[in-house]
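For clarity, every value in this text was computed on a predicted model and none was experimentally measured. We name chains A, B, ... by the order of the sequence lines, and we start the count at 1 in each one.
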Protein chains: 2
Amino acid sequence: MPDALPVHVIDDDDAVRESLAFLLESSGIPVQQHTSALAFLDAGVALDRGCVVTDVRMPGMSGVDLLKELNDRGARVSVIVMTGHGDVPLAVEAMKLGAADFLEKPFDDTAMLGAVKTCLGRTAAAEREDGLRGEVVRRLAALSQRERQVLECLVAGHANKTIAYDLGISPRTVEVYRANVMTKMQAASLPELVRMALLAGIAPGDIPVRQ
Amino acid sequence: MPDALPVHVIDDDDAVRESLAFLLESSGIPVQQHTSALAFLDAGVALDRGCVVTDVRMPGMSGVDLLKELNDRGARVSVIVMTGHGDVPLAVEAMKLGAADFLEKPFDDTAMLGAVKTCLGRTAAAEREDGLRGEVVRRLAALSQRERQVLECLVAGHANKTIAYDLGISPRTVEVYRANVMTKMQAASLPELVRMALLAGIAPGDIPVRQ
DNA sequence: TGCGGACCTTGAGTTAAATCAAGGGACGGG
DNA sequence: CCCGTCCCTTGATTTAACTCAAGGTCCGCA
C-alpha cells in the first residue's frame, strides 16, 4: 500500500536528515525534511495525523519543546524522538509528553523503520474514526450561532420551552432551529444527534447520580 | 485528604522497600510491600485503580513482565518503574507499556513522592467516571426484558410507533416501558438516557455519513 | 386456594414537538 | 437602489409523546 502521507524529518544536521530520508524512501516512504522545529511548524503541515521524526538537541526549539507545542495545539501526529546522548530522564520526559518512540543515535535502521511503520499504521487505524469526527465537526461548523446554542441545550436534555425561556425567544422559534439543526447535522433522531455531539466533544458527561 | 488506598511497593531488596515505605508513609501515604511481582499478583490486590512502584530487575518476573501481565489483565493501576542501571531502551519500553513514570536509582525523594502523588491524583480523577459507569450498569440491571428492548430501540433513535411495530405491541404499551426506563434509569430526558447508554457501552457509534 | 407482587398490556385525555406557511432585518452584488 | 440570500422570528395545525387510570397473566408464598 503506497501511503502518500510523507514522514516529516526534523534535524539541524544535514547528514542525519539525508541518511534518514534515504533509509525511509528506500522503503517507499515519502519524506519531507525540515531543518528546525520552527521551520516544521511554519510549514503548514496538517497536524491531525501523520508521523514526525525529530532530533532533541537543536538550536531554537528542542524536540521536547516541539512535543509540548504539538500537545498545546491539540496535534495528533505520532512523534518519534531521536537523541545523540542517551539520557533516561530525557527519554522518560519525551514519552510522558506523548512521544511514540525514543531512539538513541546511532540507531539501528531496522528499529527506526519499524518505529515509523508502527506510527503510520496507527495513523491509518485512527483514520476512520477521525473521518467520522471530522465529518461531524464539519457539519457543526455549518450551524448558525442560534442553531449551535439550541443544539447545546438539546443535548443537555432541555425541553423546547425551557430553551426558549433561556434564550428569550418564542418556543415556536426554538422549534425551527431544532429542525434546522437536525437537517444540517443530518440527524434522523434526537439520540443520533446526541451521539454526534458526544463524538465531537459537546455536552459534558454530567450524569446526575441521586441515589 | 487521607487516602486509604495503599501504594504497592515491589522490590526483592528489603532495604529499598523499607526506605521507600518510610518515605511514602512519612507523607501519610499507606504502603503495602511485596517481595516479588508474582507475590503482588497473588495478593489479590484490586487492579482497577491505585498505584504500584516496582523495580525492574527482580528474580522471576521482571518489572517489564509485570507491566505486560497487567496490560493483559486489563489492569488500570498506575505503575512507576524504578531501575538501578540507567538504560534508555528499557525506559522507553516501559513507558510504551504504559508505565506512569520511570526513575533511576538512586532517585530523588522529591521526584518519587511527586510521581506517586501524580498517580494517586490520576486515580482519584478516574474514580468518578468509574463510579458513574458502575451506577449506570447497576440501574441497567434493574430493567425488565421489555424495558431493556425498548431502551435499545430508543437510543437507536426509533420512534415509539416504530418500536411498537418491531416488538409487535401497542404504541401505548411502548410508552409505558419508556416511562419505566426513564424512571428506573433516573434519566430526566432522552439525551441524558442516551449518554448513560453510551457510557455503559450500549448503542454502537453508528452515525450515518451520507454526503 | 387465595393473596401480593412483578411484568405485560391497553384506552382516554393532556402536553410537547414536528409540519405547513410566511414576515422583517442585515448584507452584498448587480 | 433593488434583488437575492441568509438569519432570526412567529402563528396555526397536525402528529407524537407524556399523564392518569386500570385490566389480565404468571409466580411464589401464606
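Contacts of B/Arg146 classified as salt bridge (charged side-chain N to carboxylate O under 4.0 Å, His left out), with partners at least two apart in sequence or in another chain: none. With sequence neighbours excluded, the residues that form a side-chain hydrogen bond (donor to acceptor under 3.5 Å, both in side chains) with A/Glu69 are A/Arg73. Not a single salt bridge (charged side-chain N to carboxylate O under 4.0 Å, His left out) links A/Asp72 to another residue, sequence neighbours left out. Not counting sequence neighbours, A/Arg172 has no partner by the side-chain hydrogen bond (donor to acceptor under 3.5 Å, both in side chains) test.
Comment: A/Lys105 does not engage A/Asp13 in a salt bridge, judged by the lack of any side-chain N to carboxylate O separation of less than 4.0 angstrom.
Legend: side-chain hydrogen bond (donor to acceptor under 3.5 Å, both in side chains) pairs involving residues 87-102 of chain A, not counting sequence neighbours, sorted by first then second residue: A/Lys96-B/Asp101, A/Asp101-B/Lys96. Counting only residues at least two apart or on different chains, no ring-ring contact (aromatic ring centres under 6.0 Å, His included) pair has a member in residues 136-172 of chain A. Residue pairs satisfying the ring-ring contact (aromatic ring centres under 6.0 Å, His included) criterion with at least one member in residues 32-68 of chain A, sequence neighbours excluded, are listed as follows: A/His8-A/His34, A/His8-A/Phe40, A/His34-A/Phe40. Sorted by first and then second residue, the pairs that involve residues 173-191 of chain A and meet salt bridge (Lys or Arg N to Asp or Glu O under 4.0 Å), not counting sequence neighbours, are A/Glu147-A/Lys184.
Atoms CZ (A/Arg146) and C1' (D/dC8) sit 8 Å apart, rounded to a whole Å. For the pair A/Ile163 CD1 and D/dT9 C1', the computed distance is 16 Å after rounding to whole Å. Between the CG atom of A/Asn180 and the P atom of D/dC8 there is a distance of 9 Å, given to the nearest Å.
Nearest-nucleotide positions on DNA chain C place B/Leu143 closer to the 5' end than the other of B/Leu143 and B/Thr173.
Between the axis at the start and the axis at the end of the helix from C/dT1-D/dA30 to C/dG23-D/dC8 there is an angle of 30°, using five pairs per end and rounding to 10 degrees.
Checked options A/Leu70, A/Asn71, A/Leu66; the residue passing with A/Leu97 is A/Asn71 (criterion: side chain to side chain contact (heavy atoms under 4.5 Å, CB included)).
The separation of C/dA21 from D/dC7, taken at their P atoms, amounts to 22 Å, rounded to a whole angstrom.
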Any N/O pairs under 3.5 Å between the protein and nucleotides 15-23 of chain D? List them or say none.
unit_1: D/dA16; atom_1: OP1; unit_2: B/Lys161; atom_2: NZ; d: 2.6
unit_1: D/dA17; atom_1: OP2; unit_2: B/Asn160; atom_2: N; d: 3.4
unit_1: D/dC18; atom_1: OP2; unit_2: B/Glu175; atom_2: OE1; d: 3.3
unit_1: D/dC18; atom_1: OP2; unit_2: B/Glu175; atom_2: OE2; d: 2.3
unit_1: D/dC18; atom_1: OP2; unit_2: B/Arg178; atom_2: NE; d: 3.1
unit_1: D/dT19; atom_1: O4; unit_2: B/Arg172; atom_2: NE; d: 3.3
unit_1: D/dT19; atom_1: O4; unit_2: B/Arg172; atom_2: NH2; d: 3.0
unit_1: D/dC20; atom_1: N4; unit_2: B/Arg172; atom_2: NH2; d: 2.4

Could you list the donor-acceptor pairs under 3.5 angstrom formed between side-chain atoms of residues 113-126 of chain B and any protein atom two or more places apart in sequence or on another chain?
unit_1: B/Thr118; atom_1: OG1; unit_2: B/Gly114; atom_2: O; d: 2.8
unit_1: B/Thr123; atom_1: OG1; unit_2: B/Gly50; atom_2: N; d: 3.4
unit_1: B/Thr123; atom_1: OG1; unit_2: B/Cys119; atom_2: O; d: 3.3

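In this model, the phosphate group of D/dC7 is not approached by any side-chain N or O of A/Tyr177 to a distance below 4.0 Å at OP1 or OP2.
In 5' to 3' order, the nucleotides of DNA chain C bounding all contacts with chain A (an atom under 4.0 Å from a heavy atom) are C/dA16 to C/dA21.
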